[in-house]
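Just the heavy atoms: all of them, side chains too, but no hydrogens, waters or symmetry mates, feed the values below. Atoms within each ligand, like the ligands themselves, are counted from 1 in listed order. One-based numbering along the sequence shown. Every value quoted in this text rests on a predicted model; they were computed, and no experiment measured them.
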Amino acid sequence: MSENDLRGKLRAAARQEQFLEVVGRDEAAARFHRHLTLASVGSETVGLAAALNRVLAHDVMAGVDVPGFDRSGVDGFAVRAADTVGASEERPRVLTLNDETLTPGRAPVMTVEPGTATLIATGGMVPRGADAVVMVEHTDVIDEPEGAVRVEFHRAASAGQFIAYAASDIARGETVLRAGQVLTSREIGVLAAVGIAEVEVRRRPRVAILSTGDEIVAPGEALPAGKVYDSNGAIVAAAVAELGGEPVPLGIRPDDEAALRDAVDQGMAACDMMILSGGTSKGAGDLCYRVISRFDDPGIVVHGVALKPGKPLCLAVTGGKPLVVLPGFPTSAIFTFHEFVAPVIRALAGLPPERKETIPAVLPIRLTSERGRTEYSMVSLVRTDDGLAAYPLAKGSGAVTAFSHADGFVAIPQHEEAVEAGTPVSVQLIGRNVEPADLVVIGSHCVGLDHLLGRLQRRGVTVKVLNVGSMGGLTAARRGECDLAAVHLMDPATGHYNEPFLTEGMTLVPGYGRLQGVLFRPGDTRFEGRDAAEAMTAAALDRDCLMINRNPGSGTRILTDRVLTGARPTGYQAQAKSHNAIAVAVAQGRADWGVAISTVAADYQLGFLPLQPEHYDFVVPASRLDRLAVRAFIDLLAEPETARWLEARGFKPASSPR
Ligand SMILES: Nc1nc2c(c(=O)[nH]1)N[C@H]1C(S)=C(S)[C@@H](COP(=O)(O)OP(=O)(O)OC[C@H]3O[C@@H](n4cnc5c(N)ncnc54)[C@H](O)[C@@H]3O)O[C@H]1N2
Ligand code: MOO
């Protein structure tokens with residue numbers, strides 16, 4: 001690219017058009033719906049084998065009675081109840097056996113006359129004359145060599161006993177299923193029982209899905225630096241299917257106007273609606289908006305919603321079909337999808353609006369919010385003695401996991417900047433009820449713990465983990481929000497781990513040892529072969545040697561500060577939130593060094609100078625120590641296989657001296 005081209009592009013990018021009109025959530029939805037007809041998209045006939053999860057297009061009436069005849073419910077004898085009155089073990093009634101056996105599927109020819117009985121199997125047709133069936137266990141056949149067979153009845157039968165009368169289950173003409181019903185295995189069974197082999201179901205709305213952006217790569221392909229895997233395409237396609245739509249994936253298009261226009265034309269021609277993601281802002285590189293702005297029937301009805309996440313959402317209607325551009329950020333994309341697009345797909349699929357459920361909880365930590373936009377914060381719920389605590393999954397719009405880890409979300413009104421810790425909030429649940437996990441772990445993250453919890457889960461213990469750092473875990477344990485707080489906190493005064501932080505009512509379960517140290521790129525002579533503390537002190541004096549630091553409250557930060565004794569290396573202010581983030585920054589050259597555990601250094605093939613063995617332990621509120629899941633975890637820690645695995649990954653099991 002020539003310098004002039006480059007300057008031109010830079011100027012265009014800097015002159016970013018702002019959103020013309022950012023509207024509120026309800027106004028956005030109203031504008032969208034004003035131009036949509038949400039009638040279902042027609043119907044089709046499918047066989048029962050293909051009917052699962054489809055939506056019934058019409059009421060279904062039974063054309064037959066079920067059962068279609070008076071049916072015996074047991075193996076025994078069809079009799080006239082009056083003939084058995086007074087029968088007992090001591091004084092059995094004796095009836096003559098008719099010369100007919102009524103196996104299922106066989107129409108009777110003989111009438112049960114007074115004083116007679118007919119042998120009948122479970123499912124057999126009750127013969128004329130009989131009004132009850134006696135179980136074979138309550139009878140005896142009299143062993144006589146000559147003449148008719150006679151049977152003793154040891155119990156009296158009541159009229160109607162063990163007979164399922166014709167039409168008692170389903171009567172001909174009865175409406176067995178109603179239009180709009182989603183067909184599960186149970187409804188499919190009913191259809192089969194009334195002899196229906198094919199049903200008319202709503203056609204699934206076809207939804208074209210397109211991911212856009214030069215940086216987007218399909219999962220399964222190699223990932224060059226700076227590129228990201230297309231998660232929006234997959235999540236939107238699966239969500240469309242969950243909502244009763246038929247996803248039509250159109251893949252990925254680069255930021256190229258002609259390519260995008262073609263894809264939009266293709267999608268809109270072949271489908272009932274289309275969903276794009278990425279490139280919704282009005283910047284020079286954001287082409288989706290431009291490609292769609294050519295439609296004017298009415299075309300774009302909303303571009304910009306006062307929501308976080310989701311501000312750049314673009315809603316359009318053309319040819320009566322919805323055309324939506326979701327923001328590129330995955331949390332923003334899926335959040336706006338569920339708020340604005342999901343109801344449309346449900347309606348087109350013939351499904352009623354989803355019932356939204358809210359549940360009261362308390363915010364355990366302060367939550368800040370951007371003024372001017374209603375902010376939705378994804379939360380994970382944990383049970384406390386006083387109800388539910390809603391932990392914000394503060395991962396930002398760009399995260400992929402926030403939506404999958406969340407139980408629901410809380411809304412912070414447009415004009416509020418923060419919600420204080422302890423505030424009661426209303427949590428809108430995402431899809432399902434809150435299932436309390438057997439074991440709640442809050443605190444510092446560790447791949448060793450991940451492994452242990454994975455093994456516990458395979459044994460049937462459900463687990464919920466919230467990574468909020470050691471200090472956060474400790475506070476959660478004190479508030480009774482978790483079973484285990486995962487901590488590695490060094491007391492700066494004594495250099496002792498974890499124990500000095502225990503308060504009344506807390507027990508320490510020893511976990512395992514980890515080795516903290518300095519990470520650097522192999523071959524960097526400022527670190528290679530040196531003593532860790534010395535290398536850190538030297539690095540602090542070298543302005544060109546760039547550090548990546550950890551967040552305050554993390555055990556690693558406390559250790560780092562202790563070694564630096566007040567020195568402030570270049571980069572000290574840069575705060576990564578995990579061991580992995582430290583490793584990535586060093587591996588990619590964004591920083592030259594940082595402090596993290598040896599396991600992570602090995603994972604990223606970095607150099608490592610051992611600094612400090614530390615204890616990664618579990619603080620357990622004493623009141624929870626006897627819970628089954630807690631005991632299961634403690635037992636797991638003590639297993640030899642656990643020790644073997646930890647050692648192989650560079651950890652030091654608690655059983656070995658530390
Ligand atoms: N100066 C401003 N910058 C931004 C603003 C703003 O108001 N002023 N708004 C921010 C907000 S809010 C959002 S949300 C994002 C949305 O931007 P776009 O919708 O144009 O999306 P992209 O820029 O294309 O991508 C954003 C982000 O998401 C990643 N991405 C895109 N597609 C996918 C996909 N299919 N799978 C996974 N990840 C995807 C992309 O790589 C980017 O990282 O804009 C802010 N900026
Ligand atoms: O509104 Mo954007 O969707 O938060 O980052």
Q | Flag if over 12 foreign heavy atoms under 6.0 Å of CZ, Arg294 | A |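 Enclosed: over 12 neighbouring heavy atoms sit under 6.0 Å from CZ of Arg294.
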Atoms of ligand 1, numbered as shown, that sit under 4.0 Å from any heavy atom of [X]:
X	value
Val228	41 (O)
Ser211	35 (N)
Ile216	30 (N), 31 (C), 32 (N), 33 (C), 34 (C), 39 (C)
Pro327	14 (S), 19 (O)
Asp230	34 (C), 35 (N), 36 (N)
Ser277	35 (N)

Evaluating non-hydrogen atoms only, which member of [options] is closest to [atom]?
atom	options	answer
atom 18 (P) of ligand 1	Cys288, Gly279, Pro330	Gly279
atom 14 (S) of ligand 1	Tyr229, Tyr289, Phe329	Phe329
atom 13 (C) of ligand 1	Pro219, Gly328, Pro312	Pro312
atom 7 (O) of ligand 1	Lys227, Glu215, Lys311	Lys311

Inset, instruction - Kindly compute the distance separating CD (Glu481) from CG (Leu388), expressed to the nearest 0.5 Å. - result: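 The CD atom of Glu481 sits 11.0 Å away from the CG atom of Leu388.
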Exercise for the section: Would you please say whether a donor-acceptor pair under 3.5 Å links the side chains of His445 and Asp450? Expected result: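 A pair is found: one side chain offers a donor N or O, the other an acceptor, under 3.5 Å apart.
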- Query: Hey, is Arg373 one of the residues with a heavy atom under 4.0 angstrom from ligand 1?
  - Reply: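 Right, Arg373 reaches ligand 1.
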Taking only non-hydrogen atoms of Gly213, do any sit less than 4.0 angstrom from ligand 1?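 No.
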*Heavy-atom check, side chain of His338 versus side chain of Glu354, under 4.5 Å*: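 No, too far: nothing below the 4.5 Å cut-off.
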Quiz item: For Ser332 and ligand 1, does the shortest N/O to N/O distance drop below 3.5 Å?
Solution: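 Min N/O separation from ligand 1 is not below 3.5 Å for Ser332.
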Can a salt bridge be assigned to the pair Asp561 and Arg550 using a cut-off of 4.0 Å between side-chain N and carboxylate O?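 No salt bridge links Asp561 with Arg550.
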